[in-house]
Amino acid sequence: MSDQVSTPPATDPLSTVSRDIAEVPSVEIISTAALHLMSAAAVHLGLAEDLPEHRDLDEARSLIDALAGLLDASAPSLGHHHAAPLRDGLRSLQLAFKEASTIPDEPGTGPGEKYTGEVHPTAASRPQYTKPLPVAE
C-alpha cells in the first residue's frame, strides 16, 4: 500500500486572468481603453493638476488620434449611451490641443480630425464681445 497524497492541480494564473477577462463585456473594455487614452492625452496637454507644466503635444496628438480611431471603429458596438460621453471627451481634448498649439493645423488635419471631421468651438465657448460689432452699410 502506498501513502500517496493526491494534490489538486496547480491553478495557472494566466487561465484565471483569461477567465476574468472573458467575463467582462466588450463595452467595458473599450470604454476603459478610451479613458486611459483620454487621461494620458490630458496629461500631455498640461491639464493634469499635479503636472500642469508638463506639455508634449506630439504625444498628445498620437493619443488623441488613437482615441478618435478607437471611438470611430467601436461606435456601432458602444451605442449612443456609451459613445456620446466619450465623444464629448474627445472633442474637449481636440479643442484643448488647438488652444495649446502655437502653430495651427490646417483645417481638418488636427488630431483625430481624420475620424471626426474638423472641430470648431461652439458658440457658447467663443469669446463674448462687450461692444456690438460694427455693421457694414
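Everything numeric here is computed off the predicted structure, so don't read it as measured data.
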side-chain contact (heavy atoms from CB on, under 4.5 Å) between H54 and H44: does it pass, once the steps are laid out? CA-CA 6 Å; H54 177 78; H44 287 298; 3.0 Å; yes
Run the salt bridge (Lys or Arg N to Asp or Glu O under 4.0 Å) test against K98 and tell me which residues pass, sequence neighbours left out. E113
Any side-chain to backbone donor/acceptor pair from S39 onto H36? Under 3.5 Å, distance only. no
Tightest non-hydrogen contact, residues G112 and A68, listed as CA-CB, 3.6 Å
Over 12 foreign heavy atoms within 6.0 Å of CD, E53: yes
Taking side-chain contact (heavy atoms from CB on, under 4.5 Å) as the test, write out the residues that go with A96, two or more places apart. L45, L47
At their closest point, which heavy atom of L63 faces which heavy atom of A41, and how far apart are they? CD1-N, 3.6 Å
Do V119 and Y115 sit in the same hydrophobic cluster, where Ile, Leu, Val, Met, Phe, Trp and Tyr count as joined when their side-chain heavy atoms come under 4.5 Å apart? no
Lys/Arg N to Asp/Glu carboxylate O, D56 vs R61, below 4.0 Å: no
Take M38 and L86, measure what side-chain contact (heavy atoms from CB on, under 4.5 Å) needs, and give me the verdict at the end. CA-CA 9 Å; M38 289 172 126; L86 295 173; 4.2 Å; yes
Check the hydrophobic clustering (I, L, V, M, F, W, Y; side-chain heavy atoms under 4.5 Å; chains of links allowed) and say if I64 and L95 are grouped together. no
Would a hydrophobic clustering, with Ile, Leu, Val, Met, Phe, Trp and Tyr connected at side-chain separations under 4.5 Å, put L93 with L51? no
In short, P104 meets S101 closest at the heavy-atom pair N-OG, 4.5 Å
Nearest heavy atoms of D105 and P111, plus distance in Å: OD2-CD, 3.7 Å
Heavy-atom closest pair, residues V43 and A48: CG2-CB, 3.9 Å
Give the cluster check for L78 versus I29: same hydrophobic cluster or not, with ILVMFWY residues linked at side-chain heavy-atom distances below 4.5 Å. no
Between atom NE2 of H82 and atom CG of L71, what is the distance when rounded to the nearest 0.5 Å? 13.0 Å
Report the distance from atom CD of E28 to atom CD of E23, rounding to the nearest 0.5 Å. 11.5 Å
V27-L70 co-clustered via ILVMFWY side chain contacts under 4.5 Å: yes
Minimum heavy-atom distance L67-L90, with the two atoms named: CD2-CD1, 3.9 Å
Full working for side-chain contact (heavy atoms from CB on, under 4.5 Å) between R91 and T116: CA-CA 9 Å; R91 185 174 189 286; T116 64; over 6 Å; no
